[in-house]
2 protein chains.
Amino acid sequence: MRAYTCGLDAAADVIGGKWKPRILWALHHGPMRFGELRREITGVTEKMLIQQLRELESRDIVHREVFHQVPPKVEYSLTALGQSLNEALIPLDTWGSDHLTELEASRVR
Amino acid sequence: MRAYTCGLDAAADVIGGKWKPRILWALHHGPMRFGELRREITGVTEKMLIQQLRELESRDIVHREVFHQVPPKVEYSLTALGQSLNEALIPLDTWGSDHLTELEASRVR
DNA sequence: GCGCATACTTACCTTTCCGTCAGTACCTGA
DNA sequence: TCAGGTACTGACGGAAAGGTAAGTATGCGC
């Protein structure tokens, strides 16, 4: 296994995954419950959402807090590392928004 | 086909691909020939490099210029859009560099 | 005329990713 | 007692992404 060749490479590895950008974006406004995330991120299945959340958790990007209640309650939030990542993503989001039309146009599939 | 849900989503779609971040990074310093890129981006195969370059070209991120010589010469460079993308990627690269150790540690596979 | 360098192209195969769907466990209220 | 809400878990399969290896065209120098 090679080491990352640059910071961008490492960052891309962390946010790589179909739903990760949207998860990060959703958590920007504060902690959210699992069900809230599922409703917010339209199109995602429970399995995928959990899988991506677990990956982000193992990278110390999101924090998972279980409240032992009935019905169960689990909250997901950004860690300090996750927040710093989100800040670094702002310019990228801005870029995407600025060029949304062209990007939609050159899209494939 | 759904539209992008946010700018970040669109941007992730553009830079998504195993070698795209490294291509973008390599081109930051100016135009490069195909062979130069292949040597710079260690581990990439010719097929993958071409494929990813074509995708970036179709998105108007890189420009491809053919010099009709023998042996053939083809130069790849960033378009204006590509340069603005690269600027937006700088904070992300910085973030990755800043946390390289932790990211390497939590890496899988 | 032979090897070399350039920049590809193609067929084929493996691996990884993602989606569908069914099932688990717990307590609540009707 | 039975559906409903919560947060998961796991088997299975198809699609997409990526890798391997071989082949193409061109002209140069020897």
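In this structure, the side chains of A:Leu53 and A:Leu37 come closer than 4.5 Å at one or more pairs of heavy atoms.
Atom CD1 of A:Ile23 and atom C1' of C:dC18 are 14 Å apart (whole Å). Atom-to-atom, CD of B:Glu36 to C1' of C:dA7 comes out at 13 Å; the value is rounded to the nearest Å. Spacing between atom CZ of A:Phe67 and atom C1' of D:dA7 amounts to 14 Å, rounded to whole angstrom units. Atom NZ in A:Lys73 sits about 13 Å away from atom P in D:dC8, given to the nearest Å. Atom NE2 of B:His68 is separated from atom P of D:dA25 by 18 Å (rounded to the nearest Å). Atoms CD1 (A:Ile41) and C1' (C:dG19) sit 16 Å apart, rounded to a whole Å. Separating the NZ atom of A:Lys18 from the C1' atom of C:dT16 is a distance of 14 Å, rounded to the nearest angstrom. Note: CG (A:Leu37) to P (D:dT6) measures 13 Å, nearest angstrom.
Comment: B:Glu55 engages B:Lys20 in a salt bridge, judged by a side-chain N to carboxylate O separation of less than 4.0 angstrom.
For A:Trp19 and C:dG19, the shortest distance from a side-chain N or O to OP1 or OP2 is below 4.0 Å. Dashed line: the shortest gap from a side-chain N or O of A:Arg33 to OP1 or OP2 of D:dG5 is not under 4.0 Å. Using a 4.0 Å cut-off, some side-chain N or O of A:Arg64 falls inside it from OP1 or OP2 of D:dC8.
Using a 4.0 Å cut-off on heavy atoms, the residues of residues 45-54 of chain A that approach DNA chain D are A:Glu46, A:Lys47, A:Ile50, A:Arg54, listed by number.
The distance from atom NZ of B:Lys73 to atom CZ of B:Phe34, rounded to the nearest 0.5 Å, is 15.5 Å.
Under the side-chain contact (heavy atoms from CB on, under 4.5 Å) test applied with A:Ile41, the options A:Met48, A:Arg22, A:Glu36 reduce to a single match, A:Arg22.
Smallest separation of non-hydrogen atoms from A:Ala88 and B:Trp95: CB-CB, 3.9 Å. Between B:Trp19 and B:Thr42, the closest heavy-atom pair is CZ3-O, 3.9 Å. The minimum heavy-atom distance linking A:Leu85 with A:Leu24 is given by the pair CD2-CD2, 4.0 Å.
Heavy atoms of A:Tyr76 sit under 4.0 angstrom from primed sugar atoms or phosphate atoms, though from no base atom.
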